[in-house]
Number of protein chains: 2
Amino acid sequence: MDTNLKDNIVKQFPQFEQALLGEILAQSTIKHIEEGDEILRTGQYIRSTILLLGGLLKVYREDDEGNEFLMYYLEPGNACALSMMCTARDEKSQIMVKAVLPSEIILVPQHLTELWLSKFKSWHNFVIASYRQRFEELLQTLDSIAFKALDERLVFYLKRHVQVSGEEIRLSHQQIATELNSSREVISRLLKKLEQTKAITLHRNYIEVHDLELF
Amino acid sequence: MDTNLKDNIVKQFPQFEQALLGEILAQSTIKHIEEGDEILRTGQYIRSTILLLGGLLKVYREDDEGNEFLMYYLEPGNACALSMMCTARDEKSQIMVKAVLPSEIILVPQHLTELWLSKFKSWHNFVIASYRQRFEELLQTLDSIAFKALDERLVFYLKRHVQVSGEEIRLSHQQIATELNSSREVISRLLKKLEQTKAITLHRNYIEVHDLELF
DNA sequence: CATCAACTGTAACAACTGTCACTGAACTAC
DNA sequence: GTAGTTCAGTGACAGTTGTTACAGTTGATG
């Protein structure tokens, strides 16, 4: 069991040095998360850094009125950059993190995250790389909201979904509308238009993506 | 002259330890920037970390068609987080940085930024704090674009401007429209509405802000 | 099979934003 | 002062998105 776990960590985080792997195994908690469970809520204190071992997480923003929009997805081998950015003093989360699929996460206590930065070069690099990657993804999301009309944002959203979970997108129109902070009717309308161009086929509860490259 | 410079750095970056100050003075370049000058362009290679000693910089995003929108302002004592995030390999800038006022910047060569992280605790903390602060500001900007109508975004924009440069906002309607990725006529219309509520007074080339707290 | 709930399709309408066209006011340079 | 330029104000109109209202479809359950 423990050997399996170690193999799995090595597989998802091949860049970590041996000593770091040892510390992770010794000091952190592995947790299984059900689909739909919330891992982090806005306003909640962050006490651990989250590493994703298996499954799929979505990171999104929610405002006072319950509106939300998707920031990005985290795949196995990724970490939640924001949870690494909190220093010793307790910081509150600015974001929501929810499991899209049943997932396995590693929880590293905050004080270790800090310590490891100077202790392990591979950890340091991982943290920097994570920051940067997430910042870039956030900028892309920002671009799509700022510069693009909803039809283009929808295509951008579908493409990203294909990347993380294949050509069969198992979502209702309502779910998509929520993640884009729009409304169901509008999304239905736009999806219908996309279907007419043969880029996708609509079904109940899932969308089949043929080719979105032209958009 | 050099003593003046050191005093100035100490004033803007009081948290830096002595040894770090020494290295900054010895190894980095001080540069004077004229109002309107571009310090970093999208696609350009980043070779230095930028610390702001005096003046005011704006950090914004620009798309292929020349549309832009404001991400945030940098004030003296701040640093460009993105320019710190680049590791040894040459990374291209994802953003534009331009001087809003005549400014003094410190350019720290990339390899030192990296080195100092492990060498100086105060530098390390500064970098982490900068990342975090910028990420939060970016999230706020994102919120305002995603959740708010243009009238609210305009108020948010004006408020931020008051924070960095006082109650007299020296901008034309066209400049505001550009930074919000909107159009001049629309901004004029909304500003006029705001003026009618006595929150602001409009003049040629500047706006006088009385009270925006209600919005 | 009957019923119910969730999901999807659509039409009509309203609100917001962007665009076009034009006017006038303020400042600049000669 | 005059001409030219930049800036601001305004009305009309078009396109996009959100809202309301309702109908039809699918799938689950008893």
Side-chain angles (χ1 to χ4, degrees), chain A residues 35-36 63-70 143-158 161 168-209 215, chain B residues 35-36 63-70 143-158 161 168-209 215:
Chain A
E35 182 176 331
D63 79 350
D64 333 313
E65 285 126 38
N67 301 311
E68 59 177 74
F69 72 81
L70 179 70
D143 277 358
S144 93
I145 301 182
F147 296 135
K148 293 181 179 160
L150 195 50
D151 54 351
E152 282 184 279
R153 286 177 56 204
L154 178 59
V155 171
F156 176 72
Y157 174 85
L158 293 176
H161 239 279
E168 230 185 71
I169 300 176
R170 309 211 132 274
L171 291 172
S172 70
H173 297 183
Q174 181 59 63
Q175 286 174 293
I176 298 175
T178 304
E179 301 210 314
L180 292 173
N181 191 39
S182 175
S183 71
R184 205 258 318 155
E185 295 86 333
V186 175
I187 297 299
S188 286
R189 212 152 55 194
L190 295 176
L191 284 173
K192 210 66 199 164
K193 259 202 259 175
L194 271 182
E195 188 178 40
Q196 281 160 16
T197 69
K198 316 233 186 248
I200 61 176
T201 309
L202 299 177
H203 304 271
R204 186 186 173 85
N205 272 316
Y206 77 96
I207 298 169
E208 208 179 319
V209 175
F215 297 90
Chain B
E35 181 175 333
D63 78 351
D64 334 312
E65 285 126 39
N67 302 309
E68 59 177 73
F69 72 82
L70 179 71
D143 277 358
S144 93
I145 301 183
F147 296 135
K148 293 180 179 158
L150 195 51
D151 54 351
E152 282 184 278
R153 286 177 55 204
L154 177 59
V155 171
F156 175 73
Y157 175 85
L158 293 176
H161 239 278
E168 230 185 69
I169 300 177
R170 310 210 132 275
L171 290 172
S172 70
H173 297 185
Q174 181 58 63
Q175 285 175 295
I176 298 175
T178 304
E179 300 211 317
L180 292 173
N181 190 40
S182 176
S183 71
R184 205 255 321 153
E185 297 89 329
V186 175
I187 297 299
S188 287
R189 213 149 58 192
L190 295 176
L191 284 172
K192 210 67 200 163
K193 258 202 259 175
L194 271 181
E195 188 177 40
Q196 281 160 16
T197 69
K198 314 232 187 251
I200 61 176
T201 309
L202 298 178
H203 304 271
R204 186 186 170 85
N205 273 316
Y206 76 98
I207 299 169
E208 207 179 319
V209 176
F215 298 91

Starting at [atom1] of [X] and ending at [atom2] of [N], how long is that distance when rounded to a whole Å?
X	N	atom1	atom2	answer
A:N205	C:dT8	CG	P	5 Å
A:L171	C:dA6	CG	P	18 Å
B:R170	D:dC7	CZ	C1'	14 Å
A:L154	D:dG18	CG	P	12 Å
B:I176	D:dG9	CD1	C1'	15 Å
B:L190	D:dG9	CG	P	12 Å
A:Y206	D:dT26	OH	P	13 Å
A:Q196	C:dT10	CD	C1'	12 Å

Query raised in the report: Residues in side-chain hydrogen bond (donor to acceptor under 3.5 Å, both in side chains) with B:D63, at least two apart?
Result: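 For B:D63, the residues satisfying side-chain hydrogen bond (donor to acceptor under 3.5 Å, both in side chains) (neighbours in sequence not counted) are B:N67.
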
Proximal nucleotide (of [options]) relative to the [X] side chain:
X	options	result
A:R189	D:dC7, C:dG18, D:dT19	D:dT19
B:V186	D:dA8, C:dG18, D:dG18	C:dG18
A:E185	D:dT19, D:dA8, C:dT8	D:dT19

Distance from [X] atom [atom1] to [Y] atom [atom2], nearest 0.5 Å?
X	Y	atom1	atom2	result
A:D64	B:D143	CG	CG	9.0 Å
A:L171	A:T178	CG	OG1	10.0 Å
B:N205	B:Q174	CG	CD	12.0 Å

Query raised in the report: Hey, does A:S172 reach any base, or is it just sugar-phosphate, or nothing, if we go heavy atoms under 4.0 Å?
Result: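 Sugar-phosphate, no base atom in range.
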
Query raised in the report: For A:Y157, which residues count as a ring-ring contact (aromatic ring centres under 6.0 Å, His included) partner, sequence neighbours excluded?
Result: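 A:Y157 satisfies ring-ring contact (aromatic ring centres under 6.0 Å, His included) with A:H161 only.
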
Would you give me the side-chain donor-acceptor pairs under 3.5 Å for residues 183-192 of chain B, sequence neighbours excluded?
| residue | atom | partner | partner atom | Å |
| --- | --- | --- | --- | --- |
| B:S188 | OG | B:H173 | ND1 | 2.9 |
| B:S188 | OG | B:R184 | O | 3.3 |
| B:K192 | NZ | B:E195 | OE1 | 2.9 |

Requested in this report: Kindly indicate whether the side chain of A:R204 and the base of C:dT8 share any N or O donor-acceptor pair separated by less than 3.5 Å?
Outcome: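 By the distance-only test, no, there is no pair.
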
Query raised in the report: Has the side chain of A:R184 got a donor or acceptor that lies under 3.5 Å from a partner of the other kind on the base of D:dG18?
Result: no

Query raised in the report: OP1, OP2 of C:dG9 versus side-chain N and O of A:H173: anything below 4.0 Å?
Result: yes

Query raised in the report: Within less than 4.0 Å of OP1 or OP2 of D:dT17, is there a side-chain N or O belonging to A:S182?
Result: no

Query raised in the report: Pick one: which of A:L194, A:T201, A:I200 meets side chain to side chain contact (heavy atoms under 4.5 Å, CB included) with A:I207?
Result: A:I200

Residues 146-154 of chain A side chain polar contacts: donor-acceptor under 3.5 Å, at least two apart:
| residue | atom | partner | partner atom | Å |
| --- | --- | --- | --- | --- |
| A:R153 | NH2 | A:L180 | O | 2.9 |

Query - A:Q175 (side chain) donor-acceptor with A:S172 (main chain) under 3.5 angstrom - result: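 Checking the backbone N and O of A:S172 against the side chain of A:Q175, a donor-acceptor pair under 3.5 Å is found.
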
Query - Axis bend over the full length of the helix from C:dC1-D:dG30 to C:dC30-D:dG1, computed from five pairs that close each end, to 10 degrees - result: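 It works out to 30° between the end axes.
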
Requested in this report: For DNA chain C, find the residues of residues 144-153 of chain A with a heavy-atom distance under 4.0 Å and give them by number; none if there aren't any.
Outcome: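 Under 4.0 Å from DNA chain C: no residue of residues 144-153 of chain A.
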
